[in-house]
Each structure stands twice: as structure tokens, then as C-alpha cells.
Amino acid sequence: MPATVPLAPPSPAVAELAAQHELGALLATFKPQRFGWFVKSSLYVTLAVLLFMFVVPAVIFYYVALRRTPDFNPRQAAKRLHLFEHGVIADQETGVGTVAVRWDRIRLYEEQVQKIINGIPGPIQYTCVATSPGASVTVTNFYENPRTWAPAMQRAVLRAQGATAQQAFLAGEVLDFGEFDLSTAGVAHRKQLLPWTQVGQVKLGGGAVAVTKAGESAFWARSMAKSVPNLQVFLTMVDKHRNS
């Protein structure tokens with residue numbers, strides 16, 4: 001898992017928090033995204049024009065928009081996203097506060113949004129919401145390389161919770177994945193049950209998760225991917241037990 005900054009020892013506060021939660025080795029650290037020189041220059045020009053012509057709008061523009069970015073705020077620039085062997089530590093993107101969550105206790109929700117303007121796809125906007133009892137943090141494209149840290153977080157949750165989920169499943173427990181429930185009886189969606197022998201495929205596309213019946217192309221049940229916690233655990237479990 002490549003890091004966007006050299007893997008220097010974390011700050012004493014982060015190291016203490018990692019030790020407190022037994023997060024193990026640091027695997028990667030991600031910095032906030034920065035504007036390119038052209039965008040940053042344009043923002044400076046805009047601010048200068050507003051200051052020259054309209055002082056109040058300029059002040060509002062600076063404090064409401066620019067001060068939230070790492071390019072214009074040293075506190076924002078100092079924030080980091082740390083991925084550890086057994087969990088994540090992230091600085092809250094708005095306001096202050098640092099949150100630590102273990103992979104084996106997390107419920108991770110992910111959303112990917114891509115706007116298409118005049119037929120040209122824009123960048124994918126990633127949002128990962130990590131929650132556990134007493135802690136919650138939202139990670140977005142505020143941090144660099146979301147195509148690296150977003151799938152890395154999903155894989156880490158799968159490694160930490162996949163075997164436990166399988167054991168609970170075989171023990172007869174019902175596994176809660178938002179609008180979907182999994183049990184030895186089958187896949188349940190909004191109180192409708194599809195036995196495993198009738199489960200066809202589980203597909204991920206267009207920001208949604210769809211489950212089909214065996215031999216049918218139309219989906220039997222569909223839910224937005226962002227509402228399915230620990231998505232990779234869910235997909236792996238369904239793929240493992242379908243048609244069984």
C-alpha cells in the first residue's frame with residue numbers, strides 16, 4: 001500500500017492513540033489534496049479583485065471558502081489520514097479532532113460519485129464514513145489518492161471481519177448489512193427472503209448493489225451501495241454462499 005508521504009514516525013499524539021487502540025504498524029499516510037498552481041493563482045486573483053472592489057464579499061470568500069482548504073490554512077494542511085495494520089486514524093476534515101477506529105469494529109460506508117459534464121466524465125468523488133461505538137469520521141477527496149485509500153480501507157475491513165462474519169453466519173446468526181440481511185436461510189431485503197439456492201449474482205454498478213435470481217437478468221433486490229455497510233464483506237459472503 002503506497003504512502004503519499006514518507007513513512008516517518010507519526011506524531012506523539014497519533015502514536016499514543018494508535019497504541020491505545022492497539023492498531024499495530026503504520027502502513028500509509030495521506031496528506032490533504034492541494035490545488036494546482038493555475039487554480040491557486042486564479043483564487044488569489046479572485047480574492048485580490050474582490051478586495052479591491054467589494055471588501056465584505058472578499059472577507060466572506062476568504063473565511064467561508066479559502067480558509068477551509070489546506071492551501072490557505074496551515075491547520076488544514078497539517079491534517080493527515082493514517083492507515084494502520086488494525087485500524088485507521090483520521091483528522092476530521094472540518095473543525096478539529098482526531099478519530100481512531102479499529103478495522104474489526106468498524107461499519108464502513110462508501111459512496112462514489114462521478115459527474116459527467118458535456119459528455120466528459122469528471123473526477124470520482126469518494127466518501128467513506130467509518131463508524132464504531134463512540135466514534136465516527138468521514139473521509140473524502142480532501143485527502144490525496146482516494147483511489148488508493150478507499151479500496152485499501154474496504155480490503156482491511158474484509159480481512160479483519162470476513163472470518164468472524166463467516167463464523168457468525170454458520171452459527172445461525174443474522175448478519176446486518178443495512179437493507180440486506182444474510183442468514184443460512186438466504187438473502188433478505190425489506191422482509192423479502194431469497195433462498196440461497198435461488199440467488200443468482202450480486203452486481204455492483206451505477207452506485208448500487210443488485211441481487212438477481214438464478215436464471216434471471218432483472219434484479220430481485222437493489223440498494224444504494226452507500227447504504228450497505230462493510231460492502232466487501234457483504235459481496236464476498238453472497239458470492240461464497242449463492243446457489244448453495
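Since the model is a prediction, treat every value here as computed from it, not as a measurement.
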Taking [Y] as the starting point, is it possible to reach [X] by hopping between hydrophobic residues whose side chains are less than 4.5 Å apart?
X      : Y      : answer
Val199 : Leu204 : yes
Val233 : Val129 : no
Ile106 : Leu175 : yes
Tyr109 : Val113 : no
Ile124 : Leu81  : yes

Would you say the side-chain atoms of [X] pair up with the backbone N or O of [Y], donor to acceptor, closer than 3.5 Å?
X      : Y      : value
Thr212 : Gln201 : yes
Gln92  : Ser136 : yes
Lys31  : Arg80  : no
Arg242 : Gly200 : yes
Arg102 : Glu22  : yes
Trp149 : Glu144 : yes

Is there a side-chain contact between [X] and [Y], using heavy atoms and a 4.5 Å cut-off?
X      : Y      : answer
Tyr143 : Glu93  : yes
Asn73  : Lys79  : no
Val209 : Arg222 : no

Gap between atom [atom2] of [Y] and atom [atom1] of [X] - 0.5 Å precision:
X      : Y      : atom1 : atom2 : answer
Phe180 : Leu231 : CZ    : CG    : 10.0 Å
Thr29  : His82  : OG1   : NE2   : 5.0 Å
Arg159 : Asp104 : CZ    : CG    : 12.5 Å
His21  : Phe84  : NE2   : CZ    : 11.0 Å
Thr164 : Glu173 : OG1   : CD    : 10.5 Å
Gln33  : Asn141 : CD    : CG    : 6.0 Å

Measure up the Trp220 and His189 rings against each other and bin them: parallel (under 30°), tilted (30 to 60°), perpendicular (over 60°).
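Judged by the thresholds at 30° and 60°, the geometry between Trp220 and His189 is perpendicular.
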Using 30° and 60° as the class limits, which term best fits the ring planes of Trp196 and His241: parallel, tilted or perpendicular?
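Taking His241 first and then Trp196, their aromatic rings sit tilted (interplane angle of 30° to 60°).
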Between [X] and [Y], which heavy-atom pair has the shortest distance, and what is it?
X      : Y      : value
Pro133 : Arg105 : CD-O, 4.3 Å
Gly178 : Pro229 : N-CD, 3.5 Å
Ala28  : Leu26  : O-CD1, 3.6 Å
Ala100 : Ala135 : O-CB, 4.2 Å
Gly186 : Leu193 : C-CD1, 3.8 Å

Centroid separation Phe177 to Phe234 less than 6.0 Å
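Close enough - the centres of the two rings lie under 6.0 Å apart.
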Using the salt bridge (charged side-chain N to carboxylate O under 4.0 Å, His left out) rule, take Glu179 and Arg190 through it: C-alpha gap first, then chi angles, then the decisive distance, then the call.
CA-CA 6 Å; Glu179 292 187 14; Arg190 298 180 180 176; 3.3 Å; yes
Hey, which of Met237, Met153, Gln161, Gln154 is the one that makes side-chain contact (heavy atoms from CB on, under 4.5 Å) with Gln232?
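The option that passes is Gln154.
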In Leu83, Leu158, Asn230, the residue satisfying side-chain contact (heavy atoms from CB on, under 4.5 Å) with Trp103 is Leu83
Verify side-chain contact (heavy atoms from CB on, under 4.5 Å) between Gln76 and Phe142, making sure each step is shown before the conclusion.
CA-CA 10 Å; Gln76 291 292 88; Phe142 174 84; 3.7 Å; yes
Verify the distance criterion only: is there a donor paired with an acceptor across the side chains of Gln125 and Thr140 at less than 3.5 Å?
no
Criterion side-chain contact (heavy atoms from CB on, under 4.5 Å) on Leu17 and Thr98, from CA distance to verdict
CA-CA 9 Å; Leu17 193 58; Thr98 302; 4.0 Å; yes
Show, in sequence, the C-alpha distance, side-chain angles and deciding distance for Thr184 and Leu170, and conclude whether the side-chain contact (heavy atoms from CB on, under 4.5 Å) test is met.
CA-CA 7 Å; Thr184 53; Leu170 294 176; 5.5 Å; no
For the pair Arg75 and Asp91, find out whether any cationic side-chain nitrogen is under 4.0 Å from an anionic carboxylate oxygen.
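Result for this pair is no, no salt bridge flagged.
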Looking at Glu110 and Lys226, does any basic side-chain N land under 4.0 Å from a carboxylate oxygen?
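Here Glu110 does not pair with Lys226 in a salt bridge, since their nearest N and O are not under 4.0 Å apart.
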Passes side-chain contact (heavy atoms from CB on, under 4.5 Å), Ile89 versus Val99? Steps please.
CA-CA 6 Å; Ile89 293 180; Val99 176; over 6 Å; no
